[in-house]
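Values in this document were obtained by computation on a predicted structure and should not be read as measured data. Each chain gets a letter, A, B and so on, in the order the sequences are listed, and its residues count up from 1.
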2 protein chains.
Amino acid sequence: MANAIYDPSDFPAVAVTVDLVVFTIRDGALAVLLVRRGIEPGAGRWALPGGFVRPDEDLDAAARRELDEETGLGTARLHLEQLASYGAPQRDPRMRVVTVAYLCLTPDPTTPVAGGDAADVAWTAVADLDETDLAFDHHRILVDGLQRARAKLEYTPVATSFCPAEFTVADLRRVYEIVWNTTLDARNFHRKVTGTEGFLLPTDRTTVNPDGGRPARLYTRGHLDLLYPPMLRAHHAPDRH
Amino acid sequence: MANAIYDPSDFPAVAVTVDLVVFTIRDGALAVLLVRRGIEPGAGRWALPGGFVRPDEDLDAAARRELDEETGLGTARLHLEQLASYGAPQRDPRMRVVTVAYLCLTPDPTTPVAGGDAADVAWTAVADLDETDLAFDHHRILVDGLQRARAKLEYTPVATSFCPAEFTVADLRRVYEIVWNTTLDARNFHRKVTGTEGFLLPTDRTTVNPDGGRPARLYTRGHLDLLYPPMLRAHHAPDRH
DNA sequence: TGAATAGTGTCTCTCAGACACTATTAG
DNA sequence: CTAATAGTGTCTGAGAGACACTATTCA
């Protein structure tokens, strides 16, 4: 932009929106928050929640406002970060729209999705979606968000963002297993996460298991924002035998 | 954006630009490509290269075009990826400008920077810049780009993007040392990078060292796009004694 | 020859993964 | 008691870091 002249006639009308990839874990599966479109194009189709950035609003603030409007979730416990921007000229057929996508991870909300001007809002299992189910390029954004979430579980403690304020090591392990779509050795996982200083803070409380089993200690998330050494998933091709 | 009405009067005039954080290694230091602004605000100050996204141009294409215009570098050998977007309401005093920042890594160009409409263009050592040297929020963008570049050296082979087509293991090690601002054990580094299948492809040629020393084998970059296991830098606080 | 740089061998320590084993609950 | 889940101990193999040593060049 260094030498540009700022005359509105120099550039076309561009709309800037934020779109949100909001993940949670419901019924043992990774789910994403979707809204049903009420207007053309793509009326009746599902899409990511989002909306215009307002004149005096920063991008992060717009994302947070849209999230509040569409979910009614308190902003406290959830993780929100910028994902990427998408601006292909024809991604919206009506006009040029550049969207800044955000990734949000939240615990399973006990209250069903509330408020907002979106008529129909639902959590949908990511595994049940295919490329043609979402409007615009939202499937691409979703896939990028999924990849980012999977990667961040490795080297940050964001997996705790899927858990309630107090949770067990098994709860956390199930988050990893669901998001990575894999199984982990419960014993090694326990040793690893409890051994990483600052990842989890033990409380003096425990859960009760309904049909037997030793009670599990409850933890809250610690202060770390980077896991070192990281949690590992297999990146190499699995061995054939 | 699901339920929004697309009437231009619904949103303010917004300009979308791309800005580029272009890094190279010059004279043993990490350097960034800067242009000197010719117009207000910030006339005479340095800024990141960039410009408007054109009406029928995707964001990536705009970044690549700006890069070509300002540097004249062939697009072949260089790494270009989206970094993040910045849209604070007052980041440009004249109007609302949302910019999509890109990160680019390139070998040291032997030809000085060419072309473009920027009058004054220069490679500047990153270490010589401080927070007040750049216009707008460009210092923040630069810092984000630096952090991204440092992180990507860990788990991808992008360090080779700083090297010419053929390079030695020592060349590659110097890239790591400069970008991470650290020193690495040359022998362990050699064992590590040559032992990672697909990172480097050996040629049958060698360099000649001007004042003695065994010739070094030349390599080209391999096909890998993810390093596993990653290159490690110390993330923990160094031990006191 | 010596200085300089490239590259290998080897030891130790940490840690991931496999998995036997102990601990604590409900019924 | 048994079933179930939580949590520990221990071995093995891979790999990072330290660093002695060999290899190959120029002056």
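The environment of A:D130 atom CG is dense: over 12 non-hydrogen atoms of other residues, nucleotides or ligands sit within 6.0 angstrom.
B:T24 places a side-chain N or O within 3.5 Å of a backbone atom of B:T106 that can act as its donor or acceptor partner.
The residue B:N209 sits close only to the backbone: its heavy atoms come under 4.0 Å of sugar-phosphate atoms, none of a base. At the heavy-atom level, A:R217 lies under 4.0 Å from the strands shown only through sugar-phosphate atoms. Using a 4.0 Å heavy-atom distance criterion, A:D211 is classed as a sugar-phosphate-only contact. Heavy atoms of A:A186 sit nowhere under 4.0 angstrom from any nucleic acid atom.
Here D:dG15 presents its P atom at 14 Å from CG of B:L227, a figure rounded to the nearest Å. As rounded to whole Å, 16 Å separates atom P of D:dC21 from atom CG of B:D185. With rounding to whole Å, A:R233 atom CZ is found 21 Å from C:dC15 atom P. Protein atom CG of B:L232 is 11 Å distant from nucleotide atom P of C:dA16, rounded to whole Å. Atom-to-atom, OH of A:Y176 to P of C:dG17 comes out at 13 Å; the value is rounded to the nearest Å. Across the protein-nucleic acid pair, A:F189 atom CZ and D:dT8 atom C1' stand 17 Å apart, rounded to whole Å. Residue B:Y219 contributes atom OH, which lies 11 Å from atom P of C:dA6 at whole-angstrom precision. The CG atom of B:L184 sits 14 Å away from the C1' atom of D:dA18 (whole-angstrom rounding).
Between A:H190 and the phosphate of D:dG7, there is a side-chain N or O to OP1/OP2 separation shorter than 4.0 Å. When the side-chain nitrogen and oxygen atoms of B:K192 are compared with OP1 and OP2 of D:dG15, none of them lie within a distance under 4.0 Å.
Nearest nucleotide to the side chain of A:R214, out of C:dA18, C:dA23, D:dA16: C:dA23. Of the candidates D:dG7, D:dG15, C:dC15, D:dG7 carries the atom nearest the A:R187 side chain, counting heavy atoms from C-beta on.
Residue side chain A:R173 does not reach the base of D:dA6 through any donor-acceptor N/O pair under 3.5 Å, judged by distance alone. On a pure distance criterion of 3.5 Å, a polar donor-acceptor pair joins the side chain of B:N188 and the base of D:dA18.
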request  = Quick one: do A:L80 and A:D60 satisfy side chain to side chain contact (heavy atoms under 4.5 Å, CB included)? Show the steps, please.
outcome  = CA-CA 9 Å; A:L80 187 66; A:D60 290 13; 6.0 Å; no
Criterion side-chain hydrogen bond (donor to acceptor under 3.5 Å, both in side chains) on A:D144 and A:Y86, from CA distance to verdict = CA-CA 11 Å; A:D144 290 349; A:Y86 301 82; 2.6 Å; yes
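In terms of position along DNA chain C, the nucleotide closest to B:V169 lies nearer the 5' end than the nucleotide closest to the other residue of the pair B:V169 and B:R191. Heavy-atom nearest nucleotides on DNA chain D were determined for A:G212 and for B:G212, and the one closer to the 5' end corresponds to A:G212.
Defined by atom type and a distance below 3.5 Å, a donor-acceptor pair is missing between the side-chain atoms of B:T168 and B:T207.
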